[in-house]
Peer 1: 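Mind having a look at this structure? Questions to follow.
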Amino acid sequence: MTDVWELVHAERAALADDLERLTEEQWLQPSLCEGWSVHDVAAHLVDNARATPFGVVWAMVRARGDFDRQNQRGMERHRGVTPRETLSGLREVAARRTGPPAPVDSRLVEEVLHGEDIRRPLGIWHDYSAEAVERALRYQARVSQGLGGGRQRAERVTLHATDLDLSIGDGPEVRGPALALLMVISGRSAALPDLEGPGVSLLG
């Protein structure tokens, strides 16, 4: 298997290239993350790339254990005055190998999901690494929603990726691209139209 960090770095660089072409108006567009713009999600990715285990623990203490408050503060801290400043920050952290105290595959989830949180509302298509998407999907399917995963949703169905040799679960089948499966079990209902099968209604 490819080193996870190589996959993470490739996705960061690809997203930075896509962001380079955005207009000022596109940076302000709502992302798939409720309440956050494209600019906000980009800043969040900078914050996550700079995270360290100790730093995350300290940030959680300061946020009194509120995960959403911690994320909001981190995003605001790394959101540049202009999109260009935030993009520069994203390029600076593209090759970092630090992160929160979680399995390294969680960094793939972060890059792929947030990449789509930005790209999909803007109509930007990106050819994600099949390995990156598969590893992210397998990770999300086994991690609790309380920890940012999608296990509770995934357990209701059988996830069958039509573009990979991959099937997870034993419930009613849900078929579609692995990326759409990843998005839906992670709470992104925007990808539901990409899926089909008797289990789709259990994920809506």
Peer 1: Does Val143 belong to the same Ile/Leu/Val/Met/Phe/Trp/Tyr cluster as Val104, with side-chain heavy atoms less than 4.5 Å apart forming each link?
Peer 2: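 No, Val143 and Val104 fall in different hydrophobic clusters.
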Peer 1: Do Leu203 and Val200 have side chains that approach each other closer than 4.5 Å (heavy atoms only, starting at C-beta)?
Peer 2: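 No, every pair of side-chain atoms sits at 4.5 Å or beyond.
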Peer 1: Please test His39 against Gln26 for side chain to side chain contact (heavy atoms under 4.5 Å, CB included), starting from the C-alpha separation and ending with a verdict.
Peer 2: CA-CA 9 Å; His39 193 173; Gln26 287 176 309; over 6 Å; no
Peer 1: At what distance, to the nearest 0.5 angstrom, does OH of Tyr139 lie from CG of Leu182?
Peer 2: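 If we round to the nearest 0.5 Å, Tyr139:OH and Leu182:CG are 12.0 Å apart.
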Peer 1: Which value, rounded to the nearest 0.5 Å, describes the distance between Asp117 atom CG and Ser31 atom OG?
Peer 2: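 The distance works out to 5.5 Å.
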Peer 1: Just wondering, do Leu28 and Ser37 contact through their side chains at under 4.5 Å, heavy atoms?
Peer 2: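 Ser37 vs Leu28: side chains apart.
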Peer 1: Return the CG to CZ distance between Asp105 and Arg142, rounded to the nearest 0.5 Å.
Peer 2: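 Those atoms lie 6.0 Å apart.
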Peer 1: Given side chains that start at C-beta, do those of Arg188 and Glu116 come closer than 4.5 Å, heavy atoms only?
Peer 2: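 With C-beta onward as the side chain, the pair stays apart.
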Peer 1: So which heavy atom on Ala178 is nearest to which on Leu164, and how close?
Peer 2: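 It is CB-CD1, 3.5 Å.
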Peer 1: Sequence neighbours left out, what passes ring-ring contact (aromatic ring centres under 6.0 Å, His included) with His114? Give chain and number order.
Peer 2: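 Partners of His114 by the ring-ring contact (aromatic ring centres under 6.0 Å, His included) criterion, ordered by chain and then number, come out as His44.
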Peer 1: Taking Leu122 as the starting point, is it possible to reach Leu19 by hopping between hydrophobic residues whose side chains are less than 4.5 Å apart?
Peer 2: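 Yes, because Leu19 and Leu122 connect within a single hydrophobic cluster, where side-chain heavy atoms sit under 4.5 Å apart.
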Peer 1: Between Arg84 and Thr82, do the side chains contain an N or O donor and an N or O acceptor separated by less than 3.5 Å?
Peer 2: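 There is no such pair between these side chains.
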Peer 1: If we only count heavy atoms from C-beta on, is the Leu137 to Ile185 side-chain gap below 4.5 Å?
Peer 2: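 The answer is yes; the side chains approach within 4.5 Å.
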Peer 1: Assess the side chains of Gln72 and Glu76: does a donor N or O sit below 3.5 Å from an acceptor N or O?
Peer 2: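 Their side chains do contain a donor-acceptor pair, which is all the 3.5 Å distance test asks for.
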Peer 1: Could you pull out the closest heavy-atom pair between Asp17 and Arg91, with the gap in Å?
Peer 2: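 Nearest heavy atoms, Asp17 then Arg91: OD1-NH2, 3.1 Å.
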Peer 1: Between Pro100 and Glu110, is any pair of side-chain heavy atoms under 4.5 Å apart?
Peer 2: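 With C-beta onward as the side chain, the pair stays apart.
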Peer 1: Main chain of Glu11, side chain of Glu111: is a donor-acceptor contact present, judged purely on distance under 3.5 Å?
Peer 2: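 No, the answer is negative, given that no donor and acceptor are paired below the 3.5 Å cut-off.
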Peer 1: Give the minimum heavy-atom separation between Leu90 and Ala42, together with the two atoms involved.
Peer 2: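 Smallest heavy-atom distance, with atoms named: CD1-O, 4.5 Å.
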Peer 1: Out of curiosity, does Leu179 fall in the hydrophobic cluster containing Val157 (side-chain heavy atoms, cut-off under 4.5 Å, transitive links)?
Peer 2: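 Val157 and Leu179: one cluster.
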Peer 1: Let me confirm one number: the CG-CD distance from Asp194 to Glu196, rounded to the nearest 0.5 Å.
Peer 2: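 With rounding to 0.5 Å, CG (Asp194) is 10.5 Å from CD (Glu196).
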Peer 1: Does any N or O in the side chain of Arg79 come within less than 3.5 Å of the main-chain N or O of Ala43, such that one atom is a donor and the other an acceptor?
Peer 2: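 No: the side chain of Arg79 does not pair with the backbone of Ala43.
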Peer 1: Give the C-alpha distance, both sets of side-chain angles, the deciding distance and a yes or no for side chain to side chain contact (heavy atoms under 4.5 Å, CB included) between Arg153 and Val184.
Peer 2: CA-CA 9 Å; Arg153 295 187 187 93; Val184 170; 5.7 Å; no
Peer 1: Please evaluate residues Arg107 and Asn48 with respect to the criterion side chain to side chain contact (heavy atoms under 4.5 Å, CB included), reporting the C-alpha separation (whole Å), side-chain torsions for both, the decisive distance (0.1 Å), and the verdict.
Peer 2: CA-CA 9 Å; Arg107 299 304 86 210; Asn48 261 321; 3.9 Å; yes
Peer 1: With the side chain counted from C-beta on, respond yes when Leu22 and Ile124 share a heavy-atom pair under 4.5 Å apart, and no when they do not.
Peer 2: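 Yes, close enough: below the 4.5 Å cut-off.
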Peer 1: Can you see which heavy atom on Val109 is nearest to which on Ala136, and at what distance?
Peer 2: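 Here Val109 and Ala136 meet closest at CG2-O, 3.7 Å.
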Peer 1: Do Arg77 and Asp47 come within less than 4.5 Å of each other through their side chains, counting heavy atoms only?
Peer 2: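 Heavy-atom side-chain distance check passes, below 4.5 Å.
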Peer 1: Please assess Leu87 against Trp27 for the test side chain to side chain contact (heavy atoms under 4.5 Å, CB included), listing each intermediate value before the final yes or no.
Peer 2: CA-CA 11 Å; Leu87 178 57; Trp27 277 90; 4.2 Å; yes
Peer 1: Considering non-hydrogen atoms only, spot the tightest contact between Val112 and Tyr128 and give its length.
Peer 2: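 Result for this residue pair: O-OH, 3.7 Å.
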Peer 1: Roughly how far apart are His9 NE2 and Asp3 CG, rounded to 0.5 Å?
Peer 2: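 These two atoms lie 8.0 Å from each other.
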Peer 1: Do Val133 and Leu45 belong to the same hydrophobic cluster, where Ile, Leu, Val, Met, Phe, Trp and Tyr are linked whenever their side-chain heavy atoms lie under 4.5 Å apart, directly or via other members?
Peer 2: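 Different clusters.
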Peer 1: Please check this pair: side chain of Ser167 against backbone of His160, looking for a donor-acceptor N/O pair closer than 3.5 Å.
Peer 2: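 Pair absent, no side-chain N/O of Ser167 close to backbone of His160.
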Peer 1: So, do Leu113 and Met183 sit near enough that their side-chain heavy atoms are less than 4.5 Å apart?
Peer 2: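 Heavy-atom side-chain distance check passes, below 4.5 Å.
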Peer 1: Tell me whether Arg12 contacts the main-chain N or O of Val93 through its side chain, where contact means a donor paired with an acceptor under 3.5 Å.
Peer 2: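 Checked: pair present.
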Peer 1: Could you note down all residue pairs passing side-chain hydrogen bond (donor to acceptor under 3.5 Å, both in side chains) where residues 174-186 supplies at least one of them, sequence neighbours left out?
Peer 2: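 Those involving residues 174-186 are Gln140-Ser186, Glu173-Arg175.
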Peer 1: What is the distance from atom CG of Leu166 to atom CG of Leu181, rounded to the nearest 0.5 Å?
Peer 2: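 Output value for this atom pair is 8.0 Å.
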Peer 1: Are Trp36 and Leu15 connected in the hydrophobic side-chain network, where two residues link if heavy atoms are under 4.5 Å apart?
Peer 2: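 The answer is yes; both residues are in one hydrophobic cluster.
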Peer 1: Taking Pro172's backbone N and O only, do any of them form a donor-acceptor pair with Thr158's side chain (distance below 3.5 Å, no angle check)?
Peer 2: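 Such a contact is absent between Thr158 side chain and Pro172 backbone.
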Peer 1: Considering all heavy atoms of both residues, which atom of Ala49 and which atom of Arg96 are nearest to each other, and what is their separation?
Peer 2: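 Ala49 and Arg96 have their closest heavy atoms at O-NE, 3.1 Å.
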